[in-house]
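Note that this is a predicted model, so its numbers are computed, not measured. We name chains A, B, ... by the order of the sequence lines, and we start the count at 1 in each one.
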Number of protein chains: 2
Amino acid sequence: MKTHTRTYSRVTREALTMMGGLIRLARKQRKMSEADLSARIGIARSTLQLIEKGHPKVEIGLVFEAATLAGVPLFVDEPSRLAPEISRVNDKLALLPQAVRRPRSEVKDDF
Amino acid sequence: MKTHTRTYSRVTREALTMMGGLIRLARKQRKMSEADLSARIGIARSTLQLIEKGHPKVEIGLVFEAATLAGVPLFVDEPSRLAPEISRVNDKLALLPQAVRRPRSEVKDDF
DNA sequence: CATTTGTGACTGCTATATCGGTCAATTAAA
DNA sequence: TTTAATTGACCGATATAGCAGTCACAAATG
């Protein structure tokens, strides 16, 4: 074994807690049990529990599905607004050089 | 093998594409190469590539780390604003009954 | 009250995500 | 143009996430 212990930044941990809490809140507001929602998503109840706890090692796809089916909006209020936003990002990306060079010798990462 | 083919809703797929695109955009704007960012996160470059493509089967913790280190804000503009938001969610959760009963026989999920 | 349902916390098995590496093609800089 | 770096696309090995199941306890109903 490699004892692959990974660390996550505070922002990440808090964002995960937030995400899980929002899903749990939305689920309860819609009066769904853990079994209900997990079945609807097509995952085990134990996995949903990890999601609501904000566990970092869960497929992001499952978390987003949980959020979606629980009614937590992702990025935008209306689901239909997502496609245009993606286009905007792609447009911006197209303006940048395909390959990036010479990262600034010092990059600030202050958390 | 179980041929465990999972499907994801359109909203989830688009949200993942969005997330990945934002990370890629932010990375380039900061003139970081894939190698730079992945090293900073502590993951393989191949994994970062999956993240930027919006692949669903990636640890959400890694995606959030990538977003954080690339400079993509999660949920809020300032990182410091996250803790209070979490408290708000917890407060709301405390007001609800611990266990939920009788899910409405029909729950709408229209995507 | 009794009964039914939801939740929390485990556990072993198995499919698989991640790693670390390679190679070719592109692209930016000198 | 030449050169060095970035990117895209692979692949085998292995640590592990998710599943399915169980059990005890909590807590809503009637």
Side-chain angles (χ1 to χ4, degrees), chain A residues 1-8 16 20-21 23-66 70 93-105 107, chain B residues 1-8 16 20-21 23-25 27-66 70 90 93-105 107:
Chain A
M1 65 167 173
K2 268 251 204 125
T3 41
H4 206 213
T5 305
R6 188 181 299 281
T7 62
Y8 301 90
L16 285 170
I23 292 171
R24 187 178 180 82
L25 181 60
R27 173 177 65 78
K28 292 203 168 194
Q29 286 175 338
R30 303 204 170 194
K31 300 212 187 305
M32 288 191 255
S33 68
E34 294 178 358
D36 287 333
L37 182 55
S38 59
R40 197 168 271 263
I41 304 170
I43 63 177
R45 191 169 67 93
S46 54
T47 303
L48 178 59
Q49 289 178 329
L50 293 179
I51 291 174
E52 293 191 348
K53 278 184 184 171
H55 197 272
K57 311 202 157 191
V58 182
E59 287 185 18
I60 191 171
L62 299 185
V63 179
F64 278 19
E65 276 296 293
L93 273 169
L95 295 180
L96 296 176
Q98 294 86 329
V100 153
R101 280 294 191 88
R102 306 221 158 285
R104 284 192 159 71
S105 47
V107 182
Chain B
M1 65 166 170
K2 270 255 209 121
T3 43
H4 205 214
T5 306
R6 187 180 300 283
T7 62
Y8 301 90
L16 286 170
I23 292 171
R24 187 178 181 82
L25 181 60
R27 173 177 65 77
K28 292 202 167 193
Q29 286 176 338
R30 303 204 168 193
K31 300 211 187 304
M32 288 192 252
S33 68
E34 295 178 357
D36 287 333
L37 183 54
S38 58
R40 197 168 270 264
I41 304 170
I43 63 177
R45 190 170 67 92
S46 54
T47 302
L48 177 60
Q49 289 178 330
L50 293 179
I51 291 174
E52 293 191 349
K53 279 184 183 171
H55 198 272
K57 310 201 157 189
V58 182
E59 289 185 17
I60 190 171
L62 299 185
V63 179
F64 278 19
E65 276 295 292
N90 285 336
L93 272 170
L95 296 180
L96 296 176
Q98 293 87 328
V100 153
R101 279 297 190 86
R102 305 223 160 284
R104 287 191 158 74
S105 46
V107 182

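In this structure, of C:dG8, D:dG21, C:dT18, it is C:dT18 that holds the atom nearest to the side chain of B:E59. With D:dT7, C:dT18, D:dG18 as the candidates, the nucleotide lying closest to the side chain of A:L62 is D:dG18. Ranking D:dC19, C:dG21, C:dG6 by closeness to the B:S46 side chain, first place goes to C:dG21.
Atom NZ of B:K53 is separated from atom C1' of C:dA17 by 15 Å (rounded to the nearest Å). Distance, A:E52 CD to C:dG8 P: 8 Å, rounded to whole Å. For the pair B:R101 CZ and D:dA26 P, the computed distance is 15 Å after rounding to whole Å. Between A:L48 atom CG and C:dA9 atom C1' the separation is 15 Å, expressed in whole Å. The nearest whole Å value for the distance from the CD atom in A:Q49 to the P atom in C:dA9 is 8 Å. Atom pair A:K57:NZ and D:dG18:C1' shows a separation of 14 Å (rounding to whole Å applied). D:dT7 atom P lies 15 Å from atom CD1 of B:I51, rounded to whole Å. Atom CG in A:L37 sits about 14 Å away from atom C1' in C:dT7, given to the nearest Å.
Residue order along DNA chain C, read from the 5' end via each residue's closest nucleotide, puts B:I43 first among B:I43 and A:P97. Nearer the 5' end of DNA chain D, as judged by each residue's closest nucleotide, is the contact made by B:K28, out of B:K28 and A:A44. Annotation: of the two residues near DNA chain C, A:R24 and B:I60, the 5′-most nearest-nucleotide partner is A:R24.
Below the 3.5 angstrom threshold, one finds no donor paired with an acceptor across the side chain of A:R45 and the base of D:dG18. Side-chain atoms of A:E34 and base atoms of C:dG6 include no donor and acceptor less than 3.5 Å apart.
A:E59 meets the side chain to side chain contact (heavy atoms under 4.5 Å, CB included) test with A:L62, B:Y8, B:K57; sequence neighbours excluded.
Pairing each heavy atom of A:L16 with each of B:G61, the nearest pair is CD1-CA, 4.3 Å. The minimum heavy-atom distance between A:K28 and B:P97, with the atom names listed, is NZ-O, 3.4 Å. Of all the heavy atoms in A:L48 and A:A66, the pair that sits closest is CD1-CB, 4.4 Å.
Of the side-chain N and O atoms in B:R27, one or more sit less than 4.0 angstrom from OP1 or OP2 of D:dT7. Side-chain nitrogen and oxygen atoms of A:S33 include at least one within less than 4.0 Å of the OP1 or OP2 phosphate oxygen of C:dG6. Of the side-chain N and O atoms in B:R6, none sit less than 4.0 angstrom from OP1 or OP2 of C:dA17. Using a 4.0 Å cut-off, some side-chain N or O of B:T47 falls inside it from OP1 or OP2 of C:dC19. Between D:dA27 and B:Q98, a contact under 4.0 Å exists linking OP1 or OP2 to a side-chain N or O.
Between the B:R30 side chain and the B:A70 main chain, a donor and an acceptor come within less than 3.5 Å of each other.
Here A:M32 contributes atom CE and A:R27 contributes atom CZ; the two are 8.5 Å apart, rounded to the nearest 0.5 Å.
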